[in-house]
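Read the numbers this way: they start at 1 and go in the same order the structure lists the ligands and their atoms. We're numbering straight along the sequence, starting at 1.
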Amino acid sequence: MTAQTLLLGQTLRFTADPFAEGPAAASHDSAGGILIEEGRIAAIGQGAQLRAAHPQARVVDHGDALLMAGFVDAHVHYPQTAIIASWGKRLIDWLNLYTFPEEMRFGDPAHAAEIAGRYLDLTLANGTTTVCSYATIHPESVDAFFAAAQARGQRVVAGKTCMDRNAPEGLRDTAQSAYDDSRALLRKWHGVDRLSYAITPRFSPTSTPEQLEALGALWAEHPDCLMQTHLSEQTDEIAWVRDLYPQARDYLDTYEAHGLLGANGLYGHAIHLESRERDRLREVGAALVHCPTSNTFIGSGLFDMAGLVAAGHRVGLATDTGGGSSFSMLRTMAAAYEIGQLRGTALHPAQLLWLATVGSARALRLDASIGNLAPGMEADIVALDLASTPAIAQRSTRAQDIWEAVFPTIMMGDDRAIRATWVAGQRLV
Ligand SMILES: [Zn+2]
């Protein structure tokens with residue numbers, strides 16, 4: 001008989017979209033259970049019933065912890081782990097002063113392996129089970145990241161960052177080598193175990209039109225791959241793009257004109273969008289990735305969550321490590337809430353938790369496999385302690401329902417709130 005594991009605790013899963021249905025889109029069981037078999041969820045229901053029906057299962061009782069899908073971080077730069085929380089710069093200077101010198105080091109496989117392992121361990125400790133990461137221009141940085149994720153059994157997406165101008169010597173490829181290296185890495189890793197490849201031009205200012213064209217051609221040859229890049233993060237950046245691409249209608253057009261706009265495209269930030277850009281992104285069904293701690297930390301602007309979701313855009317949530325100031329998706333949800341407040345919309349805890357799980361999984365086109373609790377889905381699960389510090393505990397003891405109980409953890413929680421992280425049915429934290 002196949003080994004089974006039964007996790008007991010409070011359970012929370014989504015049966016619909018809380019932006020459409022409100023908190024009724026979530027299903028909460030205060031004494032639930034999740035039966036795991038061969039890395040997948042075999043059943044979810046009342047804990048006592050599952051225990052009676054599966055007496056042979058190994059039981060792991062998480063007490064009153066809240067069991068939900070592991071967090072999905074839809075936009076990160078794992079090579080920036082060691083420069084997170086670097087002081088005082090806006091986007092372009094921040095890249096030149098902090099990011100590029102650090103990324104230069106990733107041609108060394110030993111350094112890449114050390115940071116990849118450190119990054120994944122830090123994020124697992126924060127309850128994040130899947131990330132979509134930029135690497136550096138070095139193929140070694142992609143190999144190191146996929147190898148580290150593979151060793152942990154994780155589902156991750158990553159790609160070689162391509163740049164052939166406006167980056168220092170040693171951190172530039174060419175249109176041809178970007179195409180060749182990306183294709184070789186894609187063929188090596190895409191679809192292996194739980195790994196998938198994303199074609200990754202950093203952003204229009206660091207790519208020539210020829211490089212964007214080459215990567216657009218590669219995407220056309222491999223349309224099932226994701227394509228990730230940055231879009232309209234800061235106003236200085238947009239002005240720079242206008243200078244570099246005088247013929248383009250707007251920032252998005254620099255991608256669209258070179259075959260880099262599509263349904264499997266992920267566009268990070270997307271703060272200062274023109275109406276044509278919003279229309280085109282929605283028409284093609286592209287995903288926007290909101291990176292709230294990065295947007296406040298680097299001073300970029302306030303993402304229009306309510307407007308974009310109401311218009312029908314697919315939106316994911318992300319830390320943007322290390323432009324973002326935290327590895328924690330709890331802190332990231334809190335920042336999304338704060339930005340919503342500054343724009344006049346209070347996001348409900350159900351919407352925040354949905355964004356950090358189902359929403360990001362939808363953005364990555366992985367929502368059939370991860371991001372929720374349902375039979376057949378991969379068993380990537382986080383157990384949240386809803387009373388992890390004295391400040392949170394004194395607040396959550398007064399809660400009248402699950403939303404009041406979980407909201408203090410969203411706003412004030414950190415890695416101390418992670419009681420366990422399960423990846424493909426194995427407990428890693
Ligand atoms: Zn980024």
Side-chain angles (χ1 to χ4, degrees), residues 72-86 89-103 106 115-116 119 122-123 128 130-137 141-142 145 156-163 166-167 171 198-207 215 226-238 240-241 251-252 254-255 260 265-273 286-303 315-329 331-332 335-336 339 360 363-364:
V72 180
D73 190 342
H75 177 128
V76 313
H77 301 255
Y78 95 82
Q80 298 175 19
T81 296
I83 59 156
I84 194 167
S86 293
K89 298 297 173 193
R90 291 170 64 86
L91 178 62
I92 309 302
D93 293 334
W94 192 87
L95 286 171
N96 286 318
L97 188 68
Y98 297 123
T99 304
F100 290 158
E102 177 63 18
E103 290 194 0
F106 283 72
I115 300 293
Y119 171 79
L122 282 166
T123 48
T128 299
T130 287
V131 303
C132 181
S133 185
Y134 290 63
T136 66
I137 72 150
S141 71
V142 178
F145 188 71
V156 301
V157 185
K160 172 194 133 71
T161 297
C162 300
M163 299 195 284
N166 294 321
L171 215 51
I199 296 164
T200 309
R202 174 174 234 120
F203 65 157
S204 292
T206 49
S207 288
L215 294 173
L226 296 174
M227 189 289 302
Q228 61 178 343
T229 191
H230 296 85
L231 177 68
S232 292
E233 180 176 357
Q234 293 207 337
T235 51
D236 306 2
E237 170 207 14
I238 294 166
W240 193 22
V241 169
Y251 195 157
L252 184 67
T254 63
Y255 299 127
L260 293 171
L266 293 162
Y267 301 86
H269 303 297
I271 298 169
H272 309 282
L273 297 177
L288 309 180
V289 185
H290 179 35
C291 308
T293 71
S294 172
N295 299 160
T296 53
F297 183 73
I298 307 185
S300 301
L302 307 178
F303 182 80
V315 178
L317 189 66
T319 60
D320 191 26
T321 299
S325 55
S326 175
F327 296 102
S328 168
M329 288 299 282
R331 175 72 199 106
T332 302
I339 287 177
S360 283
L364 300 179

- Yes or no on side-chain contact (heavy atoms from CB on, under 4.5 Å) for F106 and Y78, after CA distance, side-chain angles and deciding distance? CA-CA 11 Å; F106 283 72; Y78 95 82; 3.7 Å; yes
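- With a 4.5 Å cut-off on side-chain heavy atoms, H75 and H230 count as touching.
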- Item | Y267/T229 under side-chain contact (heavy atoms from CB on, under 4.5 Å): CA gap, chis, key distance, verdict | CA-CA 5 Å; Y267 301 86; T229 191; 3.8 Å; yes
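- The CG atom of D320 sits 7.5 Å away from the OG1 atom of T293 when rounded to the nearest 0.5 Å.
- With the Zn ion (ligand 1) as the vertex, OD1 of D320 and NE2 of H230 span 170° to the nearest 10°.
- Atom NE2 is the N/O/S atom of H77 found closest to the Zn ion (ligand 1).
- For residue C291, no N/O/S atom approaches the Zn ion (ligand 1) to within less than 2.8 Å.
- Looking at H75 and the Zn ion (ligand 1) together, the shortest N, O or S contact belongs to NE2.
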